Visitor: 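Structure provided below as C-alpha cells; questions to follow.
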Amino acid sequence: MSIQRISFLGVPVDICPPECLETEVLEMLAKPGTKQVVFLSIWDVLKARGRGDFKECLKTADLIIPISKSIIKGAKFLKKDIPVRYNPFEAVIQIMAILDAHYKTLFLLGSHKKTLQTAEKNVRDTFSGLHIVGRCVGYYSKAAEDNIIEAIFKAQPSLVLLSDGIKEKKCWAYRRRNRFSSSIFIYYKDAFGIFSERIKRVNEKTFNRGHEIFVEIAHNPFKIFLIFPYIWYLLVLLCTKLFKRK
C-alpha cells in the first residue's frame, strides 16, 4: 500500500495509512533539500483556496496530513477517496519514534526559554536514540534569524520541529526552503507546550469525535466566530457537489 494524494476543494490532501508512515518518513529523509510535513485543518483548506504563499506551500509539501474531522466528512460527501485523519501530537510522536529507532537527529525551534528547556529534557528522556543537535527559542527578533538558519544548516538535522513563537507558522520552512541542505520540517503550535506539560493534550475521545474546537473555544471564546467560515465551508462543499453533478 502506498500514499495517495487527492484534491479536496482544490487543495492537496494525502491519504497516508498508519502502516505507510515509517516508509514515507524514511523516503523523505533520503531525498536532498527541504522537506515538509503539514498538518491540515479545515481552516487551512479555506485559506489555501485563496492566493498566496500558503497555497504554494501545500503544493510543494511532501506529506499533507488532515487533522480535522470536517475534511474526512467533506471527502465522503464528495465521494472522494477517504483520507486518514491523525491527531497532530500523536503524529509528531510517531514520527519522532521512527527517527528514534533509526538514531536520527532533531532540532527544536520555538517557545520561550523555560518551556523549550523543559520540552527538550522530556524529549531526551523519552527518545534516547534521537540526538538533539540544536535548539533556538521562538519569538525572536528579525536580526536573529540569519543565525538560526545558519545553525540549522550546519547541524543538518533529520527533523526540525517548530512550535509556538514562529510568526510564519507552516510557511516558515517553505519561504526559506533554499537556505537548508536536508531536513524535514514540521510546525505544530502546541508541541513544546505539551512536551513541557504546560499545555494539556486534547482528550482522545474528544478528538475522535471531532469536538476539539470546543476545547479551543473554552480557552479563547472569540473562536466562536469560526462558525462563519465553517458555514462558508459547508456552502462551498454543497456548491462543489451540485456543480459536479451538472
Side-chain angles (χ1 to χ4, degrees), residues 1-18 20-21 24 35-91 166-175 177 185-190 202-246:
M1 187 179 292
S2 59
I3 290 176
Q4 176 188 355
R5 177 160 291 189
I6 64 170
S7 177
F8 175 68
L9 300 180
V11 177
V13 180
D14 289 323
I15 302 175
C16 180
C20 293
L21 186 60
E24 180 67 14
K35 286 83 64 171
Q36 189 169 6
V37 176
V38 174
F39 296 133
L40 191 75
S41 71
I42 190 60
W43 321 118
D44 292 328
V45 170
L46 294 175
K47 181 180 178 182
R49 283 175 53 80
R51 297 179 180 178
D53 279 1
F54 188 58
K55 186 173 186 177
E56 296 304 313
C57 172
L58 291 183
K59 285 182 179 179
T60 61
D62 296 83
L63 183 60
I64 304 170
I65 298 176
I67 61 172
S68 293
K69 198 164 188 176
S70 296
I71 296 176
I72 310 306
K73 289 182 176 179
K76 289 179 181 177
F77 181 73
L78 296 178
K79 299 190 183 303
K80 298 267 188 183
D81 291 327
I82 311 302
V84 178
R85 177 179 177 236
Y86 284 75
N87 179 316
F89 185 71
E90 293 295 333
I166 304 302
K167 185 181 290 187
E168 295 166 80
K169 301 178 181 179
K170 294 169 185 175
C171 283
W172 191 90
Y174 168 75
R175 290 170 180 163
R177 62 194 180 280
F185 289 78
I186 300 177
Y187 171 83
Y188 177 48
K189 180 183 176 183
D190 294 336
V202 174
N203 181 275
E204 186 177 351
K205 289 183 179 179
T206 300
F207 181 82
N208 290 338
R209 290 170 182 162
H211 292 169
E212 64 273 17
I213 185 61
F214 299 116
V215 177
E216 294 182 32
I217 291 172
H219 289 125
N220 182 0
F222 285 105
K223 287 199 173 184
I224 190 69
F225 293 109
L226 287 173
I227 187 65
F228 297 111
Y230 187 72
I231 291 171
W232 174 247
Y233 162 70
L234 295 177
L235 289 173
V236 171
L237 265 183
L238 182 60
C239 291
T240 301
K241 187 158 188 175
L242 291 174
F243 180 79
K244 186 179 178 181
R245 283 181 178 177
K246 291 180 181 180

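Please read these numbers as outputs of a predicted model, since none were measured by experiment. One-based numbering along the sequence shown.
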Visitor: Which pairs pass side-chain hydrogen bond (donor to acceptor under 3.5 Å, both in side chains) with one or both residues in residues 214-228, sequence neighbours excluded?
Guide: Glu216-Lys223
Visitor: Check Ile15 against Ile82 and note the closest heavy-atom contact, atom names and distance.
Guide: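 Nearest pair, atom of Ile15 first, then Ile82: CG2-O, 3.7 Å.
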Visitor: Measure the shortest side-chain to side-chain distance between Pro88 and Tyr187 over non-hydrogen atoms and say whether it is less than 4.5 angstrom.
Guide: no
Visitor: Are there more than 12 heavy atoms of other residues, nucleotides or ligands under 6.0 Å from atom NZ of Lys69?
Guide: yes
Visitor: If every non-hydrogen atom of Leu58 is compared with every non-hydrogen atom of Pro12, which pair is closest and at what distance?
Guide: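 Where Leu58 meets Pro12 most closely, the heavy atoms are O-CG, 3.9 Å.
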Visitor: Hey, what's the ring geometry for Tyr230 with Tyr233, parallel, tilted or perpendicular (30° and 60° as the breaks)?
Guide: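 Rings of Tyr230 and Tyr233: tilted, 30 to 60°.
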Visitor: Roughly how far, to the nearest 0.5 Å, is the NZ atom of Lys170 from the CD1 atom of Ile64?
Guide: 10.5 Å
Visitor: What are the two closest non-hydrogen atoms of Phe8 and Ala75, and how far apart are they?
Guide: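 Minimum heavy-atom separation between Phe8 and Ala75: CE1-N, 3.5 Å.
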Visitor: Phe77 ring centre to Lys241 NZ or CZ under 6.0 Å, with the angle to the axis within 45°?
Guide: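 Verdict for Phe77: a cation-pi partner in Lys241.
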Visitor: Give a yes or no answer on whether the side chain of Arg49 reaches the backbone of Leu9 with a donor-acceptor pair at less than 3.5 Å.
Guide: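 Yes, because the side chain of Arg49 sits within donor-acceptor range (under 3.5 Å) of the backbone of Leu9.
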Visitor: Tell me whether Asp14 contacts the main-chain N or O of Ile65 through its side chain, where contact means a donor paired with an acceptor under 3.5 Å.
Guide: no
Visitor: Just verifying a value: how many Å separate Leu46 CG and Ile42 CD1, rounded to the nearest 0.5 Å?
Guide: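 Separation between the atoms: 5.5 Å.
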Visitor: Given Glu212 and Arg85, is the salt bridge (charged side-chain N to carboxylate O under 4.0 Å, His left out) satisfied, shown in steps?
Guide: CA-CA 14 Å; Glu212 64 273 17; Arg85 177 179 177 236; 3.1 Å; yes
Visitor: Can you find a heavy atom in the side chain of Pro18 that is under 4.5 Å from one in the side chain of Tyr86?
Guide: yes
Visitor: Please round to the nearest 0.5 Å and tell me the distance separating atom SG of Cys20 and atom CD of Gln4.
Guide: 11.0 Å
Visitor: Between Cys16 and Val84, is there a side-chain heavy-atom distance shorter than 4.5 Å?
Guide: no
Visitor: Fit a plane to each ring of Phe89 and Tyr188, take the angle between them on a 0 to 90° scale, and name the class: parallel (under 30°), tilted (30 to 60°) or perpendicular (over 60°).
Guide: tilted
Visitor: Report the distance from atom NZ of Lys35 to atom CG of Leu63, rounding to the nearest 0.5 Å.
Guide: 13.0 Å
Visitor: Distance check, rounded to the nearest 0.5 Å: Ile213 atom CD1 versus Leu226 atom CG?
Guide: 5.0 Å
Visitor: Would you give the length of the straight line joining atom CG of Leu242 to atom CG of Leu237, rounded to the nearest 0.5 angstrom?
Guide: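 Nearest 0.5 Å value for the CG-CG distance: 10.5 Å.
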Visitor: Please report the shortest heavy-atom distance between Lys55 and Gly50, naming the atom on each side.
Guide: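 For Lys55 and Gly50, the tightest heavy-atom pair comes out as CD-O, 3.2 Å.
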Visitor: Check Ser41 against Ser68 and note the closest heavy-atom contact, atom names and distance.
Guide: CA-OG, 3.3 Å
Visitor: Residues in salt bridge (Lys or Arg N to Asp or Glu O under 4.0 Å) with Asp53, at least two apart?
Guide: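 With sequence neighbours excluded, Asp53 shows a salt bridge (Lys or Arg N to Asp or Glu O under 4.0 Å) to Arg175, given in chain and number order.
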Visitor: Would you say the side-chain atoms of Asn208 pair up with the backbone N or O of Lys205, donor to acceptor, closer than 3.5 Å?
Guide: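 A pair under 3.5 Å: no.
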Visitor: If I compare all heavy atoms of Phe39 with all of Ile186, which pair ends up nearest, and what's the gap?
Guide: CE1-CG2, 3.6 Å
